[in-house]
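So that the names make sense, note that chain A is the first sequence line, chain B the second, and so on, each numbered from 1.
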Amino acid sequence: MPEESKRLKHKNLLGMGDLDREDIILVLDSAVSMKEISYRPIKKVPTLQGKTIVNLFFEPSTRTKTSFEIAGKRLGADTINFTGKSSSVVKGETTLDTARNIEAMLPDMLVIRHECSGAPQMLAQYLKCPIINAGDGAHEHPTQALLDMYTIRERKNRIEGLNVAIVGDITHSRVARSNVFGMTRMGAHVTVAGPPTLLPPGIEKLGCKVTDKLEEAIDGADVVMMLRVQLERFETKLFPSLREYSERWGLNVRNVELARPDAIVMHPGPINRGVEISPEVADGPRSVILDQVQNGVAVRMALLYLMTGRS
Amino acid sequence: MAEEAKRLTRVKGGRIIDPSINLDERLDVLIDGDHFKSLLQPGEEFPGVETVIDAGGMIVVPGIVDIHVHLREPGQEYKEDILSGTRAAASAGVTSVCCMANTDPVNDNSSVTEFIVRQAKKACFARVFPIGAVTKGLEGEVLAEIGELTDAGCVGFSDDGRPIMNAEVMRRALEYLKRFNGVLISHAEDKNLAGKGVMNEGDVSTELGLPAVPRAAEEVMIARDICLSEMLNARVHFAHVSTAGGVALIRQAKARGLPVTAETAPHYFKLTDEAVRGYDPRTRVNPPLRTEKDVSAIRAGLADGTIDCIASDHAPHASHEKDIEYQLALSGISGVETILGLTLSLVGDGTLSLMDGIAKLTTGPARVLNLEVGTMGRGKPADLTIINPDIEWTVDSTKFLSKGKNTPFNGMRLKGKAHATIIGGKLIKITQGRALAL
């Protein structure tokens with residue numbers, strides 16, 4: 001367990017902006033000891049016994065919800081899943097009303113996933129309960145960035161100075177944004193790449209390099225992170241076909257050789273085999289995709305502990 | 001209700017600014033019944049004056065005309081109604097409003113226009129000039145009965161809020177309107193380019209991960225409508241211009257002598273998309289808040305006359321439509337109560353002279369829609385706004401008389417506030433933000 005004296009500086013984790021370098025290191029260090037718990041025969045500690053954690057998911061999710069649920073349970077907390085539906089003004093309960101109802105049952109933590117960018121920020125203005133953003137629209141997914149950084153650090157023993165390529169639909173990716181914020185703060189050199197139609201204007205102002213050529217991004221990279229192509233995007237004129245996308249921006253056994261020999265390949269999942277990543281690479285020796293998933297539990301345990309453990 | 005106007009009223013001791021005749025002098029205004037009679041030298045005797053209104057220390061201007069207002073009645077009275085909207089207008093020194101057609105039912109037939117006119121007469125806090133729909137149901141397909149709407153009292157035509165995407169429909173509307181000397185008010189937005197965007201496309205939208213609207217969504221439609229105006233020599237007025245490119249296109253069109261005019265709204269010269277950080281839905285407006293470069297261009301366009309007038313685009317909404325997720329919140333700012341103070345801030349910071357600032361709120365908008373107000377000319381309707389130029393105040397939407405409290409300007413310090421208005425010779429006093437008809 002991490003030292004008692006250390007804690008995060010903010011009540012909520014709404015985005016990577018809530019964590020400075022010191023906080024990130026604290027989370028990653030705490031996650032190391034948390035990971036060990038998952039290898040025990042009895043994978044449960046009583047640290048958060050008596051705490052109630054509600055996963056308030058307004059957007060469908062399997063992996064992140066399961067990961068948070070397992071994380072809470074391994075620490076002994078009561079985790080409850082609530083699947084809401086975000087709705088427009090005319091139909092149904094508002095997100096805020098739903099959240100207020102849940103808060104009235106006195107949970108110790110709300111984990112919120114929402115399809116609208118900024119929804120956790122909005123709720124944080126009205127609620128007293130601490131909030132972890134589990135992904136909001138195309139804005140941020142800070143726990144994903146933390147588990148990605150954990151995985152990189154586990155493999156590379158550092159983040160600072162590494163060349164990281166993030167490839168795919170940058171415009172609509174909350175994973176890309178959180179990773180750019182987090183990794184640049186930790187001193188990595190991040191390059192984002194994708195079709196010009198999926199690169200948002202001014203992305204370089206977040207501190208990364210930008211290219212529309214996959215090869216340019218992965219040349220000499222220590223870390224190659226492929227993003228899921230949302231299949232509905234090509235129907236909205238953003239690229240001509242999955243075939244052409246895969247040819248130009250898909251990672252395969254040939255172009256992966258442009259990266260450093262010891263480069264790792266990451267993907268936040270769920271993967272579209274044969275679209276943004278070929279099966280050979282996804283399942284190949286460089287792939288740390290399943291490590292990411294496993295580390296997700298540890299990182300979320302660390303956050304739940306640091307954010308609710310000592311109140 | 002206002003009492004019967006006295007026959008002769010003298011507004012005494014004020015600084016009179018009438019941009020329609022480029023007048024800025026200490027004079028008294030003489031009102032005969034419901035119309036202007038003449039201007040008098042201070043101390044000049046005039047027999048038979050029954051009422052004297054003291055305007056000492058005040059600036060007296062033609063009644064302020066806000067040509068872009070959503071009064072929401074009929075159909076959405078929970079957001080605003082004609083009484084609450086005109087009372088809010090009066091309390092802020094606005095004596096005339098033009099109300100947009102996107103009510104429910106839409107103001108696309110004379111019975112709706114007549115209803116609005118009737119409700120406005122009952123309210124009697126401000127003149128209400130209805131804007132008729134260009135197309136039936138604002139669908140952008142079939143022309144509304146523009147002749148009948150004109151007869152019923154519509155002073156302009158707009159599908160505001162809903163761009164007319166079909167260029168041929170726009171062409172036919174402009175052509176048809178010529179028979180009625182009608183002005184088409186264009187909500188210039190390419191719906192396809194705008195997509196599901198909720199803020200300006202740029203660095204800030206990239207950081208916030210919000211779907212965004214490029215400036216070109218406005219600019220391509222302004223360019224299209226300028227082409228149609230040129231082809232047909234038809235009057236087009238551009239609503240709520242927000243982009244540097246839009247200003248440049250309109251400037252070029254005016255230089256070529258085309259009959260185009262333009263308005264902007266205070267939020268386009270006071271705020272940028274930086275205000276969207278924090279996801280405050282009160283900053284959501286269509287077109288969206290742009291960038292510093294656009295704000296500078298809008299200000300330059302106001303200063304050089306490219307932009308003829310300032311209108312509030314008063315768009316009141318209920319709190320449950322605004323205090324929600326940014327992407328789900330409705331667009332619009334409740335603006336009629338801040339238009340004067342925000343415009344005067346342009347005078348305060350040297351963007352506009354006081355004469356020009358007043359012109360953008362009075363003579364400018366009145367000329368755009370050929371309204372007979374906006375001047376103190378003899379025989380014209382006796383509408384005045386009496387402004388206390390020295391009062392400093394803080395925007396506080398909880399004190400708004402509008403039902404819509406949705407403003408991004410809360411907490412902003414402004415200087416200059418309406419002291420009273422006169423509509424058709426009748427005094428409407430404003431005390432502590434309340435408009436009282438005397």
Side-chain angles (χ1 to χ4, degrees), chain A residues 14-17 58-59 84 86-99 112 114-126 133 135-141 169-178 180-181 192 199-208 210 236-238, chain B residues 75-76 78-79 104 190-217 272-284 288 290-293 317-332 404 406 410:
Chain A
L14 303 176
M16 291 307 289
F58 293 92
E59 183 188 66
S86 65
S87 61
S88 64
V89 273
V90 281
K91 16 176 184 135
E93 192 178 46
T94 65
T95 296
L96 179 56
D97 282 330
T98 304
I112 291 168
H114 203 292
E115 65 196 341
C116 292
S117 300
Q121 280 76 358
M122 175 198 65
L123 293 176
Q125 284 171 22
Y126 295 98
N133 178 3
D136 63 320
H139 178 224
E140 283 231 43
H141 192 354
D169 179 357
I170 307 299
T171 298
H172 302 95
S173 177
R174 52 195 174 211
V175 175
R177 278 177 186 71
S178 284
V180 169
F181 291 135
V192 298
L199 295 172
I203 184 80
E204 68 283 355
K205 296 199 175 137
L206 304 184
C208 56
V210 193
T236 55
K237 310 164 196 78
L238 292 173
Chain B
Q76 295 183 309
Y78 69 97
K79 293 176 194 264
D104 180 19
D190 184 303
K191 277 203 289 195
N192 297 317
L193 275 174
K196 290 179 178 164
V198 298
M199 70 172 295
N200 181 55
E201 182 174 306
D203 300 348
V204 182
S205 68
T206 290
E207 198 169 326
L208 296 181
L210 284 170
V213 185
R215 294 184 184 86
T272 68
D273 57 0
E274 291 289 334
V276 182
R277 288 182 194 281
Y279 300 92
D280 182 351
R282 286 170 296 191
T283 63
R284 182 162 174 197
R290 305 290 184 180
T291 65
E292 206 54 61
K293 179 185 132 196
H317 289 298
S319 66
H320 66 272
E321 297 165 324
K322 268 306 209 186
D323 298 337
I324 52 175
E325 294 90 320
Y326 201 92
Q327 284 165 264
L328 302 178
L330 299 182
S331 291
N406 46 299
N410 263 332

Between atom [atom1] of [X] and atom [atom2] of [Y], what is the distance when rounded to the nearest 0.5 Å?
X	Y	atom1	atom2	result
A:Thr94	B:Glu321	OG1	CD	12.5 Å
A:Lys205	B:Glu207	NZ	CD	10.5 Å
B:Thr206	A:Arg177	OG1	CZ	6.0 Å
B:Tyr279	A:Leu14	OH	CG	10.0 Å
B:Glu201	A:Thr171	CD	OG1	8.5 Å

I'd like to check B:Leu208 versus A:Ser117 (side-chain heavy atoms, cut-off strictly below 4.5 Å). Are they in contact?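 Side-chain contact under 4.5 Å: no.
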
Where is the tightest heavy-atom contact between A:Met122 and B:Ile324, given as atom of each residue plus distance?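 Where A:Met122 meets B:Ile324 most closely, the heavy atoms are SD-C, 3.2 Å.
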
Which atom names give the shortest non-hydrogen contact between B:Gln327 and A:Cys116, and what distance separates them?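 In this case the closest contact between B:Gln327 and A:Cys116 is OE1-CA, 3.1 Å.
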
When A:Ala138, A:Gly15, A:Ser173, A:Gly202 are compared by non-hydrogen pairs under 4.5 Å with chain B, the top option: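 The candidate making the most pairs under 4.5 Å is A:Ala138.
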
So which of A:Arg174, A:Glu140, A:Gln121, A:Glu204 has the largest heavy-atom pair count under 4.5 angstrom toward chain B?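 Option with the top pair count is A:Gln121.
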
With a 4.5 angstrom heavy-atom cut-off, is it the side chain or the backbone of A:Ile203 that approaches chain B, or both, or neither?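 Backbone plus side chain of A:Ile203, per the 4.5 Å heavy-atom cut-off to chain B.
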
Side chain, backbone, both or neither: which part of A:Gln125 has an atom under 4.5 Å from a heavy atom of chain B?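 For A:Gln125, side-chain heavy atoms alone lie under 4.5 Å from chain B.
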
